[in-house]
Number of protein chains: 2
Amino acid sequence: MSLKYAILVLLRSEPGSGYDLAQRFKLTLGNFWNASHQQIYLELKKLSEEGLLEYTVEHQTDKPDRKVYSITSLGISALQGWMRIPVSPPRINDAFLVKLYGAQPQDLEIIRAELVQHRIIHRQQLEKFQALEQFFIQADVARRREFQMPYLTLRRGIKSEEAWLSWADEVESTLFQ
Amino acid sequence: MSLKYAILVLLRSEPGSGYDLAQRFKLTLGNFWNASHQQIYLELKKLSEEGLLEYTVEHQTDKPDRKVYSITSLGISALQGWMRIPVSPPRINDAFLVKLYGAQPQDLEIIRAELVQHRIIHRQQLEKFQALEQFFIQADVARRREFQMPYLTLRRGIKSEEAWLSWADEVESTLFQ
DNA sequence: TCAAACATGTAAGCCGTTACATGATTCT
DNA sequence: AGAATCATGTAACGGCTTACATGTTTGA
């Protein structure tokens with residue numbers, strides 16, 4: 001639904017190819033918006049057909065050709081229009097919580113092992129966010145202003161992971177002590 | 001993908017109709033697993049065809065007939081099998097964060113209004129969770145043991161909403177002061 | 001009288017994932 | 001020699017949403 005607008009946001013700040021966008025997703029929006037490269041290529045195609053994007057084929061001697069997409073004025077209008085339409089808070093589908101909810105005594109050891117695995121993932125995610133935060137904090141005022149919005153989304157990620165880890169502690173001490 | 005197992009979890013603890021399940025979802029798993037009634041009816045049909053569920057038609061004089069589904073032994077095995085397979089942490093698709101990430105100075109007032117709306121939703125959600133928590137805390141030991149797993153998922157909801165609200169405070173004081 | 005709750009579904013379409021497919025260059 | 005990175009896609013399938021569809025009873 002709004003992969004469309006996520007792409008428009010990224011291309012408004014700088015043109016790029018499908019491959020570029022997939023990379024930029026990982027570093028930025030990817031923390032709160034999921035998108036595979038297949039989906040991105042498909043969406044880029046659709047958006048050009050709709051006239052929200054245009055592209056030029058860049059020939060490269062050393063690497064394969066790449067299609068560089070830019071946002072059109074129609075695309076910018078579409079994005080500005082979307083900004084004004086309220087969105088719903090995200091729907092959550094958390095399979096691990098379904099498991100925990102339905103766990104019986106015989107399942108506890110498995111749950112524990114899976115909790116350990118998830119904890120590793122969340123811890124790593126948190127550390128990645130904290131490293132990015134350090135860059136922001138150490139930047140000069142101009143850069144801090146420039147990256148204010150990305151920084152706020154980063155703060156969301158940090159608080160979210162901290163909350164998860166703190167919950168995991170609660171679960172461990174409730175079930176396994 | 002695991003709506004299937006969410007339904008099996010609910011039906012293992014008690015048989016019920018599609019309508020019942022839709023209600024039970026709202027009160028329990030619905031906080032971390034989304035499911036519309038259409039989806040539930042479809043899935044119930046599929047699961048009976050697979051032999052994981054069976055149903056009897058209950059005729060009611062005062063209300064429309066209802067199909068009451070129960071889990072079969074095949075269903076119980078499928079659920080136990082699923083418990084042993086690790087699941088991935090949920091993918092997040094948060095449109096509001098995309099907006100915030102891409103917001104320009106002229107969008108700030110709209111963002112502020114939308115933040116206010118989201119805050120109301122999250123606050124209400126938190127209050128609902130806290131009310132449920134009170135029931136648990138005031139229950140006797142036997143009931144607290146019975147509802148230990150649902151309680152832990154409730155704690156997840158509480159921490160998650162608290163983290164969101166605390167982040168919203170940060171956003172407000174960063175952007176609007 | 002009208003809304004809400006009870007009760008169960010079908011159909012169309014979109015969105016997204018997984019798997020498949022190809023091929024060059026660069027680094028270890 | 002093999003893995004990783006650069007680069008772009010198609011196809012099949014499944015999951016989920018939105019809209020459509022119908023009809024009863026109870027309470028305000």
Side-chain angles (χ1 to χ4, degrees), chain A residues 1-8 15-27 29-30 32-50 53 55-69 82 85 87-95 98, chain B residues 1-8 15-27 29-30 32-50 53 55-69 82 85 87-95 98:
Chain A
M1 228 225 303
S2 32
L3 171 59
K4 177 173 173 174
Y5 300 104
I7 287 176
L8 292 177
S17 69
Y19 190 86
D20 289 341
L21 285 174
Q23 302 308 103
R24 286 163 67 187
F25 255 95
K26 273 187 205 159
L27 289 170
L29 290 178
F32 45 88
W33 196 275
N34 189 267
S36 65
H37 80 271
Q38 294 92 332
Q39 229 184 313
I40 291 171
Y41 283 116
L42 224 68
E43 198 64 36
L44 286 171
K45 198 178 170 186
K46 260 205 282 181
L47 292 176
S48 336
E49 283 162 5
E50 286 176 39
L53 299 181
Y55 66 89
T56 51
V57 179
E58 256 184 30
H59 182 65
Q60 300 183 115
T61 46
D62 52 336
K63 288 173 192 171
D65 291 359
R66 56 205 290 274
K67 285 189 195 170
V68 178
Y69 290 86
W82 177 68
I85 298 163
V87 293
S88 307
R91 283 169 182 153
I92 298 160
N93 283 49
D94 191 329
V98 174
Chain B
M1 230 226 299
S2 33
L3 172 58
K4 179 175 172 174
Y5 300 103
I7 287 175
L8 291 178
S17 68
Y19 191 85
D20 289 340
L21 286 174
Q23 302 308 104
R24 285 163 68 186
F25 256 95
K26 274 187 204 158
L27 290 169
L29 290 178
F32 45 90
W33 195 275
N34 190 267
S36 65
H37 81 271
Q38 293 93 330
Q39 231 183 312
I40 291 171
Y41 282 116
L42 223 67
E43 199 62 38
L44 286 171
K45 200 180 170 183
K46 260 205 281 183
L47 292 176
S48 334
E49 282 161 6
E50 286 176 38
L53 298 180
Y55 65 89
T56 51
V57 180
E58 255 185 30
H59 182 66
Q60 300 184 114
T61 46
D62 51 337
K63 288 173 192 172
D65 290 359
R66 57 205 289 273
K67 286 190 195 168
V68 178
Y69 290 85
W82 177 69
I85 299 163
V87 293
S88 306
R91 285 169 181 152
I92 297 160
N93 285 47
D94 191 328
V98 174

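Numbered from 1 within each chain, the chains take letters A, B, ... in sequence-line order. Values in this document were obtained by computation on a predicted structure and should not be read as measured data.
- Not a single donor-acceptor pair under 3.5 Å links the side chain of A:Ser2 to the backbone N or O of A:Tyr5.
- Side-chain nitrogen and oxygen atoms of B:Ser36 include none within less than 4.0 Å of the OP1 or OP2 phosphate oxygen of D:dT18.
- You'll find the side chain of A:Pro90 reaches within 4.5 Å of the side chain of B:Asp94, heavy atoms only.
- Atom CG of B:Asn93 sits about 4.5 Å away from atom CH2 of A:Trp33, to the nearest 0.5 Å.
- Between the CZ atom of B:Arg66 and the OH atom of B:Tyr55 there is a distance of 14.5 Å, given to the nearest 0.5 Å.
- Put simply, B:Asn34 has a side-chain N or O that comes within less than 4.0 Å of OP1 or OP2 on D:dT17.
- Here OH of A:Tyr69 is found 8.5 Å from OH of A:Tyr41. Values are rounded to the nearest 0.5 Å.
- For B:Lys67 and C:dG9, the shortest distance from a side-chain N or O to OP1 or OP2 is below 4.0 Å.
- Scanning both residues, A:Ile40 and A:Ile7, for their nearest heavy atoms gives O-CD1, 4.3 Å.
- Residues from residues 38-47 of chain A with heavy atoms under 4.0 angstrom of DNA chain D, sorted by number: A:Gln38, A:Tyr41, A:Lys45.
- Look at OH on A:Tyr5: it is 15 Å from C1' on C:dC15, rounded to the nearest Å.
- Taking atom NE2 on A:His37 and atom C1' on C:dA19, their separation rounds to 11 Å, with Å as the unit.
- Between A:Asn93 and D:dG15 there is no side-chain N or O to OP1 or OP2 distance below 4.0 Å.
- Within the 4.0 Å cut-off from OP1 or OP2 of C:dT17, at least one side-chain nitrogen or oxygen of B:Arg91 is found.
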